[in-house]
2 protein chains.
Amino acid sequence: MTSSSSGAQARRATILDVAAAAGVSRQTVTRAMNDMPGISAGTRERVQRLAAELGYSPSRFAKGLVQGARTSLGLAIPDLTNPYFPAFASSVVEEATQRGWNVVVDDFGHGSGSGLDAVARLEPQVDALVGYLGAASNDAQTLMGRRPVVVLDYPLGHAAGAISFDYPYAARLALGQLLAAGRRHIAYLDSDHDGAVSTRGLAVAAAAEEAGVELVVLQAAADSAPSAREVVRIKVERQRGVDGLLVFNDLMAAGALKGLHDAGWKVPEDCAVIGMDGIALGELVTPELTTLSLDLRAVGRAAVDLVDNLLSGAVEGRSPDASLVLKHRLVLRQSA
Amino acid sequence: MTSSSSGAQARRATILDVAAAAGVSRQTVTRAMNDMPGISAGTRERVQRLAAELGYSPSRFAKGLVQGARTSLGLAIPDLTNPYFPAFASSVVEEATQRGWNVVVDDFGHGSGSGLDAVARLEPQVDALVGYLGAASNDAQTLMGRRPVVVLDYPLGHAAGAISFDYPYAARLALGQLLAAGRRHIAYLDSDHDGAVSTRGLAVAAAAEEAGVELVVLQAAADSAPSAREVVRIKVERQRGVDGLLVFNDLMAAGALKGLHDAGWKVPEDCAVIGMDGIALGELVTPELTTLSLDLRAVGRAAVDLVDNLLSGAVEGRSPDASLVLKHRLVLRQSA
DNA sequence: CAGGGTTGCGTGAACGTTCACGGCAATTGT
DNA sequence: ACAATTGCCGTGAACGTTCACGCAACCCTG
């Protein structure tokens, strides 16, 4: 009743429909919609009103095609269910939004394939890529061609963007705390890495050797709290001596706390626990979690900054500093 | 050394570059890239190899323009930091990915404006919208024009997509549990809603009246755990009689548990606590949280299904069932 | 009142891809 | 032996928008 009478048009309104309705040309509509100069206030208002009435919205395809837009950032996340990643993603999205970019998110958990699948899905849709890609990191740059790629937590050989963490430093920090508290029988609970030991695990092992303490290494079946809980509950019985536990990340550490509780252990009296990452969850568990904290908002900011530099640098042909190493900070709470 | 020798071209390779390199036409390149019939295996392979070498990737703009693509879903989230939303978002992303759509995420927490700002940012980029938009829900459909909009947790008047929850039912469920456990002095901790009472709060109040119990209503300054913790720690001193606490959501309930602990109360002995939403966090806190659980993966699935229906229905001119009401389920754990 | 600037608007071209054809040669059928 | 089919490939047009112009009317200014 309000709009066109000549039948229901399934087709979306184009700039020409608006131009015809307003009795002006394409260019005038463009000027009105984009608040450009060279148009009278009256015409501008009239065109905008008509555009709204017709439900007109410029085609992002046509616009992007002619303007060569580079405003879509891909974000590949292994598992949005793990609170670490949303905390990071939130920062990336905020930072990208401030720059006028939009963020296309792909989660490759829950049977949505591998990190490489995620990159393959994102590649045609975005102008740059940020992600925790693990082993797929190398191929990512190949798929993305000349477009900026920033990979987190996976040191790259060639000159791509990379943000990694100083695990040797973090491991020494955590171990130092445990040793200073008089703990001598330390265990490390690692995540699943296809049977192998993670980079973090290697750093912890090195730090233990450096400090001259023996290290018991446990491995969970998955990077999840229930999995950590189960491993700790079962394995801890056989490791009576352990009085200090370092965990792959905070989510698993929270599970480990539960597992120790299940087994009737008191934290930190019987066994101190230190997590890694510093997510908000750590303050909600009991006892509150001592952790190697990372400022995830800063990490997100750094990632987007890197993309921004690569994006500008790529235009000018030069390759700016493309890698960055961040350090953890020890946050003491009740668990250690 | 591997690619072109005629200077570094900043411009991305187009289909014509590949065609020229392979000595064929555009169409043949198209056929090779999209695995279409009508091309010999040899040519296909050669073209694909050259495309990879030149770093060619089809322009999503040109492709979308000519094909009229409708494969971008906008997802507006109030706060990715609140674990409820990633749990939901994860499901939406998974479901959308299965359909071959991509998801553009906008987080309007952390000073990135209101829900309406998020819609305004997403509108030019997407073909449909899903989100927790609250008060901005009405204007969202206006901005999106004829494109599908699915709004969660905000009952809409007109015929847009809407997924809401049966709060009266949930409130009766929770109150029933508390009453059955002999609790008589019930409090409800609400989130911040600009000073007003939330829909959930109204439902709880109604259920309390229905059951003939008095209800103490507390209100936190924000929808966050620390905020809930603070309110509970301070206010609970003056409410000595309270022996049952119902909380707006699980995140705040986790904070409330901490607040009660701070005040020296034992849960559930001194005061039972029931949360809402059923996020994974509930199993990691101590005591584990009894909650009104929602299958968030099912919610995400339902949202994407609705969008799918609206998207197909819009083409055929008919408007399919556009709203849906989901029910909570009471999950008994230690806190009540 | 001639000249030059400003204001307001319109027209061809281009962005990169796919679609709908059309063409040519080799192969097949009778 | 000749038509019909098939396999492989190329060409014009279109998608909807913005950019770089062009043009006419109007206002000053000396």
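Chain letters run A, B, ... following the sequence lines, proteins first and then strands; every chain starts at 1.
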**Report entry** A:Glu53/A:Arg49 salt bridge by N-O under 4.0 Å criterion
**Finding:**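 Yes, charged N to carboxylate O under 4.0 Å.
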Query raised in the report: Charged N to carboxylate O under 4.0 angstrom, B:Asp308 versus B:Arg301?
Result: no
Query raised in the report: Can a donor-acceptor pair be found between the side chains of B:Ser72 and B:Asp127 at a distance below 3.5 Å?
Result: no
Report task. Would you please say whether a donor-acceptor pair under 3.5 Å links the side chains of A:Arg31 and A:Thr43? Result ->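 Short answer, no.
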Query raised in the report: Between A:Pro58 and B:Gly38, which is nearer to the 5' end of DNA chain D once each is assigned its nearest nucleotide?
Result: B:Gly38
Query raised in the report: Where each residue is assigned the nucleotide of DNA chain D containing its nearest heavy atom, which of B:Val66 and B:Ala41 is assigned the position nearer the 5′ end?
Result: B:Ala41
Query - Pair B:Phe108 and B:Tyr132, ring centroids less than 6.0 Å apart - result: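 They do not qualify: ring centres at least 6.0 Å apart.
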**Report entry** Position toward the 5' end of DNA chain C (nearest nucleotide), B:Arg31 or B:Ser57
**Finding:**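 Result of the comparison: B:Ser57.
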Query raised in the report: Taking atom C1' of C:dA20 as reference, at what distance in whole Å does atom CD of B:Gln67 sit?
Result: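 Distance, rounded to whole Å: 14 Å.
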Requested in this report: Please report, rounded to the nearest Å, how far the C1' atom of C:dG8 is from the CZ atom of A:Arg26.
Outcome: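 Interatomic distance, CZ of A:Arg26 to C1' of C:dG8: 16 Å.
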Within the 4.0 Å heavy-atom criterion, would you say [X] contacts the bases, only the backbone, or no part of the nucleic acid?
X: A:Met33; value: nothing
X: B:Gln27; value: base
X: A:Thr30; value: base

Query raised in the report: Just the endpoints, please: which first and last nucleotides of DNA chain D, 5' to 3', lie under 4.0 Å from a heavy atom of chain A?
Result: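 Contact span on the strand: D:dG16 to D:dA20.
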Query raised in the report: Do A:Glu123 and A:Arg147 come close enough that some side-chain heavy atom pair is under 4.5 Å?
Result: yes
